[in-house]
Protein chains: 4
Amino acid sequence: MARGVNKVILIGNLGQDPETRYTPNGNAVVNLNLATDESYKDRQTGQLVPKTEWHRIVMFGKIAEVAGQYLRKGSKVYIEGKLQTRKWQGQDGQDRYTTEVVVDINGQMQMLDSRGEGGGASQGAPQGRPQQSSQQGNYNAPAGPQGGQQGGYSQPAGGQGSGSMPEPVDDFDDDIPF
Amino acid sequence: MARGVNKVILIGNLGQDPETRYTPNGNAVVNLNLATDESYKDRQTGQLVPKTEWHRIVMFGKIAEVAGQYLRKGSKVYIEGKLQTRKWQGQDGQDRYTTEVVVDINGQMQMLDSRGEGGGASQGAPQGRPQQSSQQGNYNAPAGPQGGQQGGYSQPAGGQGSGSMPEPVDDFDDDIPF
Amino acid sequence: MARGVNKVILIGNLGQDPETRYTPNGNAVVNLNLATDESYKDRQTGQLVPKTEWHRIVMFGKIAEVAGQYLRKGSKVYIEGKLQTRKWQGQDGQDRYTTEVVVDINGQMQMLDSRGEGGGASQGAPQGRPQQSSQQGNYNAPAGPQGGQQGGYSQPAGGQGSGSMPEPVDDFDDDIPF
Amino acid sequence: MARGVNKVILIGNLGQDPETRYTPNGNAVVNLNLATDESYKDRQTGQLVPKTEWHRIVMFGKIAEVAGQYLRKGSKVYIEGKLQTRKWQGQDGQDRYTTEVVVDINGQMQMLDSRGEGGGASQGAPQGRPQQSSQQGNYNAPAGPQGGQQGGYSQPAGGQGSGSMPEPVDDFDDDIPF
DNA sequence: TTTT
DNA sequence: TTTT
């Protein structure tokens, strides 16, 4: 429940392949860097100056799984989430703050690349859901600047790649009771 | 799941008290008329001309229940939903179309009136959830232009009024699995 | 100036080529039909049922010009506008209402088709800005159900086709005073 | 012009009175801290846990002027802007990043407090547009963590307070050419 | 670091 | 009437 509105809507391209991690209980968490571009006319020169804004995205749940499997460096995507700033400790012991766009069960994601891209490989390792047995080990790594929100994550030890193109993900859109 | 984005965001005031109905299985359905105001400068006269746009809102589920209990004529509200156009038959047998903003489990509502208004009276009858026993009868009334989306609705036979100010409603925000 | 918020955000595909008209003073007005898709799980069968919602879009100004030139049947597009319902008279003399998404100077449009589509021809006639001399004649045609908002429009007598891919359009984004 | 979408929509309350500064050429720049509240059900305890997210807002132009004059600590407001992260140097010489919601000519603001609040006093000094003569001096102060985006700002030396309730601000909504 |  |  929200006493307020906190909504972010972005359309942009991934700067790299997504990074997928897993919570101890096996839930996927995906980090993205998303670029949104804007050009503006320089008042002096009259030139059109390109300007890129980079956004740090964190995805959870089913959306995260789909993003981890199907998005790749360069992918164009629509994202709806909420702003969240978390505090972490720099190596100098001082507080730092990082603002992220959190896409959870209330958020939305739409892949905007055309037909036939799909489960494209990319050079990166395939990212599937890890075996149960891999969900242990380093998930309690110290939370760094990129660190975890809800405890630590385990890196998938392996996993089977994707298959064909997925349905778009908007959690809980299905099985609505009316 | 959505292969596209269909989102409406409104802030406005109710033109009348909400109308609450119930589906055969007891789910609340609320209809609202919402006014959003805009002024523009007349090019001829330079005068600031007010212009009101009226929106037809349909709410379902828990949001509908809260809306029915706490919103009243004049209430200011934030609404997030989706556009939907439905076809109905005019008395002349011709097709008509009505476009509505549907606020369901994926939507959001925020009451924007200040503290302490709450279950304010208004002249209308209090609208609570009807007794089980009342969920029958006329819910198969013919669907008119204002008619139902998913079959017919029953009018609540009675109900106990509201109490104090509710929590805002954003379905499924609670109990998120991370 | 707005005493309220009235915002629509859509991502979908055009059902046909855009229709471009011109106001007496030469401003472009474009009409689009936009489909947004959604699937939902049928409660009975458990089947995934596709559902398409059609939206009537009206664009003005610079955005309209770009849309008229570069969008085609099937194009995927992001649109931000506002809801507006206008009244018109049916042939039976009765009032009818049509709700549209108006994309004007405060709106936004983003073409989401990948690289290299651009000024693609389509089978339709090329749609450029008409000669001054063509901005007369039938612009006072009676406003029908698809009729004009602000007076009538003239159909472009001719025009030169498009060129290469345009910059995206977000009116007034340029030359911002800071 | 934007090759992408970068949009933030917030409804929340000010944590303090707005801070107004002015650019060398006299344009208002306002900083706000805005709280959006959300509650979630704790999985362990089942308790409803309140959670507040703080957002740093920067406003420019006419919107900034209105915000500086009429918003006060506690004011409830709707804001539409874009995400922007700027880099600054910590005292230790290291890079830091601050993410802000920028509300410029493409953004929107709506005051959501009920009627008759208006230019309410608050304990802070009234913040009006400074005299021309005051637009000099320290506007080249070193940019700190709260520092300027486009050069430095001058603090208003004084200014006359507000008057009555203003029209809401949505720049360029007026004088639209149709 | 992405896209056009 | 579009898309996947």
Side-chain angles (χ1 to χ4, degrees), chain A residues 10-19 31-39 48-57 66-67 70-79 110-119 122-124 146 164-170, chain B residues 1-6 85 97, chain C residues 10-19 31-39 48-57 66 70-79 110-119 122-124 146 163-170, chain D residues 1-6 85 97:
Chain A
L10 303 172
I11 296 180
N13 300 279
L14 300 215
Q16 311 99 340
D17 284 3
E19 298 167 26
N31 285 280
L32 302 178
N33 274 316
L34 190 76
T36 57
D37 287 309
E38 190 179 7
S39 318
L48 209 58
V49 184
K51 191 182 159 201
T52 295
E53 192 66 37
W54 286 98
H55 309 272
R56 190 178 164 74
I57 316 290
V66 176
Y70 296 99
L71 295 181
R72 288 295 172 264
K73 178 182 180 178
S75 296
K76 173 168 284 186
V77 70
Y78 167 92
I79 273 174
Q110 291 287 320
M111 294 163 49
L112 296 176
D113 288 308
S114 20
R115 33 252 153 191
E117 170 173 297
S122 144
Q123 71 280 31
Q146 345 228 3
S164 56
M165 197 67 172
E167 283 296 302
V169 174
D170 182 9
Chain B
M1 300 162 188
R3 261 188 196 290
V5 172
N6 176 357
T85 300
Y97 297 88
Chain C
L10 302 173
I11 296 180
N13 301 278
L14 300 215
Q16 313 97 341
D17 285 3
E19 298 166 26
N31 286 280
L32 301 178
N33 274 317
L34 190 76
T36 57
D37 287 310
E38 191 180 6
S39 318
L48 208 61
V49 183
K51 190 180 161 204
T52 295
E53 192 66 36
W54 286 98
H55 309 273
R56 190 178 165 73
I57 317 290
V66 175
Y70 295 99
L71 295 182
R72 288 294 172 266
K73 179 183 181 177
S75 297
K76 173 168 281 185
V77 71
Y78 166 93
I79 272 174
Q110 292 286 320
M111 293 161 51
L112 296 175
D113 287 309
S114 20
R115 34 253 151 192
E117 171 174 297
S122 141
Q123 72 282 28
Q146 345 229 0
S164 55
M165 197 68 171
E167 283 296 303
V169 173
D170 182 8
Chain D
M1 300 164 188
R3 263 190 192 291
V5 171
N6 176 357
T85 299
Y97 297 87

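In what follows, chains carry the letters A, B, and so on, assigned in the order in which the sequence lines appear, proteins first and then strands, with residues in each chain numbered from 1.
Atom-to-atom distance recorded for A/I79:CD1 and A/L14:CG is 7.5 Å, nearest 0.5 angstrom.
Across all non-hydrogen atoms, the minimal contact from C/T52 to C/A35 is CG2-CB, 3.7 Å. Considering every non-hydrogen atom in both C/G15 and C/K73, the closest pair reads O-CG, 3.5 Å.
The backbone N or O of B/G4 lies less than 3.5 Å from no partner atom in the side chain of C/E38, so there is not a single donor-acceptor pair.
Closest contact between the side chain of D/R3 and the listed nucleotides E/dT3, E/dT2, F/dT1 involves E/dT3. Considering only the side chain of C/Q16, F/dT1 comes nearest among F/dT1, E/dT4, E/dT2. For A/N13, counting side-chain heavy atoms from C-beta on, the closest listed nucleotide (E/dT2, F/dT2, F/dT1) is E/dT2.
Distance CG (A/L34) to P (E/dT1): 16 Å, rounded to an integer number of Å. C/N33 has its CG atom 14 Å from the P atom of F/dT3, to the nearest Å. Taking atom CG of D/N6 as the reference point, atom C1' of E/dT2 lies 15 Å away to the nearest angstrom. One interatomic measurement links the two molecules: CG of A/L112 to P of E/dT4, which rounds to 13 Å at whole-angstrom precision. Taking atom CZ on A/R56 and atom C1' on E/dT2, their separation rounds to 16 Å, with Å as the unit. Distance CD1 (A/I79) to C1' (E/dT3): 15 Å, rounded to an integer number of Å. Spacing between atom NE2 of C/H55 and atom C1' of F/dT1 amounts to 13 Å, rounded to whole angstrom units. In this structure, CG of A/L48 is placed 20 Å from P of E/dT3, rounded to the nearest angstrom.
As judged by a 4.0 angstrom heavy-atom cut-off over every strand, C/T52 is placed among the base-contacting residues.
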